Amino acid sequence: MNVTTDKLTSNDLMQMEDKHGAHNYHPLGVVLERGEGVHVWDVEGKKYYDFLSAYSAVNQGHCHPKIVDAMVEQAKMLTLTSRAFYNNALGPYEKFVTEYFGFDKVLPMNTGAEAVETAIKLCRKWGYEVKGIPENAAQIIVCENNFHGRTTTIVSFSNDPVANKNFGPYTPGFIRIPYNDTTALEEALKNNDNVVGMLVEPIQGEAGVFVPDAGYIEKAQQLCKDAGALFMADEVQTGIARTGALLAVCGDCSCGNTCQKDPNTFVKPDILILGKALSGGAYPVSAVLADNEIMNVIKPGQHGSTFGGNPVAAKVAIAALEVIRDEELAANARRLGQLFRKEMQRIIDSTDLVVKVRGRGLLNAIIVNDTEDSDTAWNLCVALKENGLLAKPTHGNIIRFAPPLVMTEEQLMECVAIIEKTINAFEK
Ligand SMILES: *Cc1c(COP(=O)(O)O)cnc(C)c1O
């Protein structure tokens with residue numbers, strides 16, 4: 001095989017990854033070459049609906065022309081200065097993104113995990129310098145079945161053995177409580193002045209799109225506030241229109257992205273963590289947002305990133321957020337999400353293979369009627385792939401369905417037909 005001239009087949013490319021790449025993922029057997037909007041194509045030219053959207057990074061659709069143009073234009077001009085010098089793209093982006101989400105300040109990073117790390121550092125520093133707790137005593141409350149990324153500290157407070165076994169010793173300073181349980185939170189906050197904050201996903205994505213009870217987020221925020229602890233929302237996956245509102249902490253609020261300026265109608269986290277769709281999947285861009293009282297504890301030299309806040313990221317993020325607003329993707333996600341769950345419920349009512357659909361907006365999951373260690377969900381995803389729709393199981397018997405938010409109703413119904421056909425054929 002001559003790798004420089006021959007067109008490599010899907011099999012060639014999968015074997016190449018298998019041989020030369022670390023085996024830290026187990027991808028579905030499809031090799032993608034091109035993407036546009038809600039579609040992707042494999043190297044043999046077969047077209048698929050993307051029903052994962054790179055874990056909700058591609059909310060704006062693949063290769064959105066406005067985002068790609070912003071990236072290319074800036075890439076030709078200036079790509080990286082580091083923060084040793086100013087650049088003319090960062091300030092306008094910082095102004096834009098803080099106004100967009102209603103915070104005083106932003107700290108720009110690249111990946112979601114880095115943004116979570118940043119939030120943890122910020123929260124601890126605030127705890128020592130503003131709340132005044134004793135040195136090295138800070139504790140942060142996290143939830144069971146959380147997913148916040150892959151760094152050593154973040155896996156330290158995961159309860160998924162796949163994520164943290166043999167990666168110890170673990171970073172101390174975290175208290176893990178059940179998700180969706182305000183009594184447990186109250187208990188954890190009680191008589192413990194060393195709690196500096198709570199880190200939580202408004203909907204647990206990786207855990208299988210677990211939607212907490214109505215009012216949980218509001219109550220959790222209030223309890224943190226009463227206890228003098230910071231409420232930190234990890235919206236890396238749920239944020240940026242995915243759940244039918246600009247942020248998942250907005251719940252069912254349908255105003256788009258205007259009400260966050262009104263503290264009476266917006267559950268405003270003390271620290272907001274964004275990533276993934278902040279760039280529309282074009283570039284690694286993440287961000288931590290907070291008001292001055294919190295963000296100002298970070299002084300020069302105390303935190304940073306060579307690539308964080310680079311001019312390409314700045315331009316890409318502005319374009320990606322403008323697309324969300326201009327194309328009203330939150331409203332589209334809300335409307336199509338309701339339709340999708342209704343259609344899934346109709347299918348569930350006529351099959352034994354799937355038992356439940358849950359989610360909000362276009363972040364949904366179906367539960368396959370089998371044990372968690374069965375490969376039924378995987379095999380169903382393989383069958384969906386054969387029929388032109390790409391999705392991936394999360395945690396055994398759960399399949400997440402999260403298409404790009406630029407989908408039309410007609411396309412969604414075509415996808416429903418593919419899913420229905422696949423499920424019906426699978427049973428036989
Ligand atoms: C994906 C994700 C992260 C980590 O983001 P990376 O860019 O992969 O580091 C953190 N939190 C949540 C909720 C996520 O879904």
Side-chain angles (χ1 to χ4, degrees), residues 22 24-27 52-59 107-123 140-160 162-164 167 171 174 176 179-180 197-212 217 220 231-243 246-249 269 271-289 305 307-308 310 313 316-317 320 359-365 391-395 398 400-402 405:
N24 57 328
Y25 279 92
H26 179 36
L52 181 66
S53 308
Y55 302 98
S56 299
V58 191
N59 287 1
L107 200 159
M109 298 295 281
N110 313 284
T111 67
E114 284 177 313
V116 171
E117 286 276 349
T118 300
I120 291 168
K121 288 175 74 175
L122 184 57
C123 182
I140 292 175
I141 295 172
V142 297
C143 292
E144 269 164 28
N145 302 328
N146 68 72
F147 181 85
H148 297 286
R150 300 296 196 168
T151 66
T152 324
T153 287
I154 293 171
V155 301
S156 291
F157 56 79
S158 166
N159 59 298
D160 179 359
V162 178
N164 68 13
F167 292 122
T171 308
F174 297 93
R176 200 169 55 232
Y179 188 64
N180 195 25
M198 176 192 197
L199 173 65
V200 67
E201 301 157 85
I203 292 173
Q204 287 188 328
E206 295 307 302
V209 189
F210 191 84
V211 184
I217 290 298
F231 182 77
M232 296 183 276
D234 180 350
E235 294 245 21
V236 171
Q237 186 163 159
T238 53
I240 317 195
R242 171 53 60 186
T243 65
L246 179 63
L247 298 171
V249 291
I271 297 179
L272 174 65
I273 305 163
L274 298 173
K276 293 196 169 116
L278 186 52
S279 72
Y283 201 81
V285 185
S286 67
V288 173
L289 290 131
S305 158
F307 280 82
N310 72 75
V316 162
R360 194 192 294 158
L362 279 176
L363 182 60
N364 296 291
K392 189 99 195 285
T394 160
H395 283 87
I398 304 168
R400 173 173 28 201
F401 285 140
L405 311 181

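All heavy atoms count here, side chains included; hydrogens, waters and symmetry mates do not. Whatever order the structure lists ligands and atoms in, that order sets their numbers, starting from 1. In this text, all values refer to a predicted model and were calculated from it rather than measured experimentally.
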All ring-ring contact (aromatic ring centres under 6.0 Å, His included) counterparts of F157, not counting sequence neighbours: H148, F174

Side chain to side chain contact (heavy atoms under 4.5 Å, CB included) assessment of L122 paired with L107: CA-CA 10 Å; L122 184 57; L107 200 159; 5.9 Å; no

Minimum heavy-atom distance between A282 and V316, given as atom pair plus value: CB-CG1, 4.2 Å

Among R400, E201, R242, Q204, side chain to side chain donor-acceptor pair (under 3.5 Å) partner for Q237: R400

Modelled atom types, side-chain donor and acceptor of T151 and E117, under 3.5 Å: yes

Return a table of N or O atom pairs, ligand 1 on one side and protein on the other, at distances under 3.5 Å, rounded to 0.1 Å.
| residue | atom | partner | partner atom | Å |
| --- | --- | --- | --- | --- |
| ligand 1 | 7 (O) | G112 | N | 2.8 |
| ligand 1 | 9 (O) | G112 | N | 3.4 |
| ligand 1 | 9 (O) | A113 | N | 2.8 |
| ligand 1 | 11 (N) | D234 | OD1 | 3.4 |
| ligand 1 | 11 (N) | D234 | OD2 | 2.7 |
| ligand 1 | 15 (O) | Q237 | NE2 | 2.8 |
| ligand 1 | 15 (O) | K276 | NZ | 2.7 |

Between N145 and D160, a side-chain donor and acceptor under 3.5 Å: no

